[in-house]
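Computed from heavy atoms alone, side chains included, the values below leave out hydrogens, waters and symmetry copies. What you see is a predicted model, and the numbers here were worked out from it, not measured in a lab.
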Amino acid sequence: LKNSGQVQQSIAAARRALEVNPKIPNGWTQIAVAYNELNFPDSALAALREAKTAGDNADQIGGFAMSIGNNFYKAAMALDPKQAPAFLVPMPYLMFADSTITDAATKAQAAFLIGVSHFYFAQVTAQGLAASKSCDEAKAAQNSVAESMIFTPRGGRTSPEAAGQIMNALNGLMPYLEQSVKTLCK
């Protein structure tokens, strides 16, 4: 059905088949692919979680989640001007990928994307604090710096030079955000 352009019907048929035999290899993964083709990434992620529970190939489903997250990351990077919330959109997909993938190199890529996304969220949010004067935004940026400091080094071998630049920038951003939280969260 999917190959003939009936993607929605293929999802329904696959779900019925999985009700009869929940052990169909890659059944949930195929549903995830179909949801993604329909531009329902949240449904795709839910299907990937089912695929993981059903025992589908962890690297395959984690890699697919990472590709969805990477597409969202690229979309956030393409925005001009950058918008902080756009860098949070990839997180559920990347975090799922990081928790699922077993291949060390691919897992490092997921961790690096998580770290970079947190960095950009923190940086863009920090740039807007003078205007927003938001305690919540300052705290969110501060939390993202902490997350980036965890994930960027974990994935640093993916792009060592970029990881070093991000870590240096985080070290400069951290004191500004600490002061912003003190000032704005009285």
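- Smallest separation of non-hydrogen atoms from R157 and A105: NH2-N, 3.7 Å.
- The shortest side-chain heavy-atom distance between T53 and R49 does not fall under the 4.5 Å cut-off.
- Heavy-atom minimum distance, I31 versus A14: CG1-CB, 3.6 Å.
- Taking a 6.0 Å sphere around OH of Y120, one finds it holds 12 or fewer heavy atoms contributed by other residues, nucleotides or ligands.
- Between the side chain of S10 and the main chain of V7, a donor-acceptor pair closer than 3.5 Å is present.
- In the hydrophobic cluster analysis, where Ile, Leu, Val, Met, Phe, Trp and Tyr join through side-chain heavy atoms closer than 4.5 angstrom, I101 is grouped apart from V33.
- Using a distance-only test at 3.5 Å, with no hydrogens or angles considered, no donor-acceptor pair links the side chain of T100 to the main chain of A97.
- Considering OG of S43 and CG of L38, their distance stands at 9.0 Å, rounded to 0.5 Å.
- Cluster annotation: M95 is connected to F112 through the hydrophobic network of ILVMFWY side chains, with a link wherever side-chain heavy atoms come within less than 4.5 Å.
- Two residues are said to be in side-chain contact when any heavy atoms from C-beta on lie closer than 4.5 Å; I68 and L45 fail this criterion.
- Under the 3.5 Å distance criterion, the side-chain polar atoms of D59 are matched with a main-chain donor or acceptor of T102.
- One finds the CD1 atom of I166 at 11.0 Å from the CD atom of E161 (value rounded to the nearest 0.5 Å).
- The two residues A111 and G155 have their closest heavy-atom pair at CB-N, 4.0 Å.
- A side-chain donor-acceptor contact under 3.5 Å links S180 to the backbone of Y176.
- When all heavy atoms of F121 and A141 are compared, the closest pair comes out as CE2-N, 4.0 Å.
- Taken from NE2 in H118 to CG in L170, the straight-line distance is 11.0 Å, to the nearest 0.5 Å.
- In this structure the side chain of I114 never reaches within 4.5 angstrom of the side chain of E147, judged on heavy atoms.
- For the pair I61 and N57, the minimum side-chain heavy-atom distance is 4.5 Å or more.
- A single hydrophobic cluster is seen to contain both F119 and L129, as judged by linkage of ILVMFWY side chains at heavy-atom distances under 4.5 Å, directly or through other members.
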Would you mind writing out the side-chain donor-acceptor pairs for residues 73-91 within the sub-3.5 Å range, not counting sequence neighbours?
unit_1, atom_1, unit_2, atom_2, d
K82, NZ, M77, O, 2.4
K82, NZ, L79, O, 3.3

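- K107 places a side-chain heavy atom less than 4.5 Å from the side chain of D98.
- Atom CD of Q30 and atom CG of L18 lie 10.5 Å apart (nearest 0.5 Å).
- Between the N171 side chain and the M167 main chain, a donor and an acceptor come within less than 3.5 Å of each other.
- The CG atom of L113 lies 10.0 Å from the OG1 atom of T152; values are rounded to the nearest 0.5 Å.
- Here the shortest heavy-atom pairing between A108 and R154 reads CB-O, 4.1 Å.
- To the nearest 0.5 Å, the span separating SG on C135 from CD on Q142 amounts to 9.5 Å.
- What you find for G27 and D56 is that their closest heavy atoms are N-OD2, 4.0 Å.
- A single hydrophobic cluster is not seen to contain both F96 and L94; linkage of ILVMFWY side chains at heavy-atom distances under 4.5 Å, directly or through other members, places them apart.
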